[in-house]
Amino acid sequence: MKKILIIIGLVYVWANAFSQKTSEFALHGRQLSLITKNASLEVIGTDDDKLIIESSVSETLPEIPADAAGLQLISSSIKSENGSFTPQVVKYDDKLMVINIPESQCRHYRIKVPKGGHLKIAFDISSPYGKVSFTNLSGELEASGNAPVIDFSYVTGPLTLSCGETGFSIGASTQINISHLQFKNTTYNKDTPFINIISSYADVNISLPSNIGASLQVDSQYGNLYSTLNFVTNLKMPPVKNRYYGLLNSGGRVLTINSTYGSIYIRGEKNL
């Protein structure tokens, strides 16, 4: 019976995977894994159980260099865009759905996912205008890849972000922003990072409520750590060059940040 249901599901999935501007997939509680390349992403958590992928055409024009002032742009290496794409279902079983969105002329996707589900997503954006954002997600989030700017807001974690296999490529991230973390109604393991950021070049900006308990570990070989919050050095941890251990309000959820060439900025935001 299980095999019959999976076959029926595959038929539904394939019927929705032709080239188009919007694709919908029923998840039915499955873990979701997405793979994309060279397209900005806006990932939004919803109360629905469906995955919805929507494309849009960017109105962004290439910057005109100073040397070209007064001249007319005749050709550009940027491909002309359209909103069509063809998602590929890589795996579909009773626990997991894996979808690859191959590189196309579409440069922007809005992706709506069940906000409480486990999401794994891989991306690689070489365009200097690329951006990836995650909003309103209350399940585990594993993101790997590079985009010039990566934003997280209103997520509960646990959150893991790594630069993936292309950490030193042209598309390496330069800015990671995390704000409005949702600490309420979330359980955590004191030995498991609530936030785990691994980057090669990015400056990392995090906003935290000043009344939250947090245990911070920062590794930055060539950058610095700045904060407006009253972190107290954790003297129980052995001193290591370029590594800082700090406690906010006697410690709590573990935040680990590793950015080899970037600096880390931790600011206070309105208390929860």
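Two different hydrophobic clusters hold I111 and I35 under the rule that ILVMFWY side chains link at heavy-atom gaps under 4.5 Å. Following chains of ILVMFWY side-chain contacts shorter than 4.5 Å, one can reach L225 starting from I212, so the two form part of one hydrophobic cluster. Under the 4.5 Å side-chain heavy-atom criterion for grouping Ile, Leu, Val, Met, Phe, Trp and Tyr, I44 is not connected to F85 through any hydrophobic cluster. Hydrophobic cluster membership is shared by I176 and I121, with clusters built from Ile, Leu, Val, Met, Phe, Trp and Tyr side chains linked at under 4.5 angstrom. Note on I198 and I195: separate hydrophobic clusters, where clusters join Ile, Leu, Val, Met, Phe, Trp and Tyr whose side-chain heavy atoms are under 4.5 Å apart, directly or indirectly.
Counting all heavy atoms, side chain and backbone alike, G45 lies closest to N136 at O-ND2, 2.8 Å. Of all heavy-atom pairs between P102 and T86, the closest is CD-O, 3.1 Å. R267 and L229 make their closest contact through O-CD1, 4.1 Å (heavy atoms, listed as atom of the first residue, atom of the second, distance). Annotation for S259 and Y201: closest pair OG-C, 4.0 Å, computed over non-hydrogen atoms. Taking each heavy atom of R107 and N38 in turn, the nearest pair found is CD-O, 3.6 Å. Minimum interatomic distance between S127 and P148 (heavy atoms only, all atoms of both residues): O-CG, 3.2 Å.
In this structure, the side chains of L137 and T135 stay at 4.5 Å or more apart for every pair of heavy atoms. The shortest distance between side-chain heavy atoms of I150 and L161 falls below 4.5 Å. Side-chain contact between L181 and L208 is present, with at least one heavy-atom pair separated by less than 4.5 Å. Contact annotation: the side chain of L159 never approaches that of F194 to less than 4.5 Å [non-hydrogen atoms, C-beta and beyond]. Residues Q31 and M97 fail the side-chain proximity criterion, which asks for heavy atoms closer than 4.5 Å.
Annotation: N234, atom CG; neighbour count of heavy atoms from other residues, nucleotides and ligands within 6.0 Å is above 12.
Checked by atom type, the side-chain pair E42/H108 shows no donor-acceptor distance below 3.5 Å. A donor atom on one side chain and an acceptor atom on the other are found under 3.5 Å apart for T256 and N196. Side-chain atoms of N177 and Q175 include a donor-acceptor pair closer than 3.5 Å.
Under 4.0 Å is where a charged nitrogen must lie from a carboxylate oxygen, and between K115 and D47 at least one such pair does. Ion pairing of D48 with K112 is absent here, as no side-chain N (NZ or NE/NH1/NH2) approaches a carboxylate O to less than 4.0 Å. Taking a cutoff of 4.0 Å between a charged side-chain nitrogen and a carboxylate oxygen, K37 and D124 do not qualify as a salt bridge. Ion pair K120/E140 not flagged as a salt bridge, since none of the NZ, NE, NH1 or NH2 atoms sits closer than 4.0 Å to an Asp/Glu carboxylate oxygen.
From T22, atom OG1 reaches atom CD1 of I53 across 9.5 Å, with rounding to the nearest 0.5 Å. Between atom OG of residue S200 and atom CD of residue Q221 there is a gap of 11.5 Å, rounded to the nearest 0.5 Å. For the atom pair L41 CG and L34 CG, the distance stands at 8.5 Å (nearest 0.5 Å). Distance check: I101 CD1 to Y109 OH gives 5.5 Å after rounding to the nearest 0.5 Å. Note that OG of S263 and CD1 of I257 are 11.5 Å apart. Values are rounded to the nearest 0.5 Å. For the atom pair S162 OG and N258 CG, the distance stands at 11.0 Å (nearest 0.5 Å).
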Where do I52 and E24 land on the side chain to side chain contact (heavy atoms under 4.5 Å, CB included) test, with the steps shown first?
CA-CA 5 Å; I52 301 175; E24 295 187 10; 3.9 Å; yes
Stepwise side chain to side chain contact (heavy atoms under 4.5 Å, CB included) test for K21 and E54
CA-CA 6 Å; K21 295 185 178 182; E54 303 171 341; over 6 Å; no
Please lay out, stage by stage, how L32 and L51 fare under the test side chain to side chain contact (heavy atoms under 4.5 Å, CB included).
CA-CA 9 Å; L32 175 62; L51 163 68; 3.9 Å; yes
Would you check, one step at a time, whether the test side chain to side chain contact (heavy atoms under 4.5 Å, CB included) holds for V98 with V89?
CA-CA 6 Å; V98 181; V89 180; over 6 Å; no
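Taking the ring axis of F25 as reference, the NZ or CZ atom of R30 does not stay both within 45° of it and closer than 6.0 Å to the ring centre.
The main-chain N or O of S207 is never found under 3.5 Å from a side-chain atom of S179 such that the two would form a donor-acceptor pair. Between the S220 side chain and the G262 main chain, a donor and an acceptor come within less than 3.5 Å of each other.
Within the structure, ring pair (Phe, Tyr, Trp, His ring centres under 6.0 Å) pairs that include any residue of residues 224-250 comprise Y226-Y265 (at least two apart or interchain).
A side chain to side chain contact (heavy atoms under 4.5 Å, CB included) with I266 is found for exactly one of L216, T228, L255, namely L216.
Between F134 and Y154, the distance separating the two ring centers is not shorter than 6.0 angstrom.
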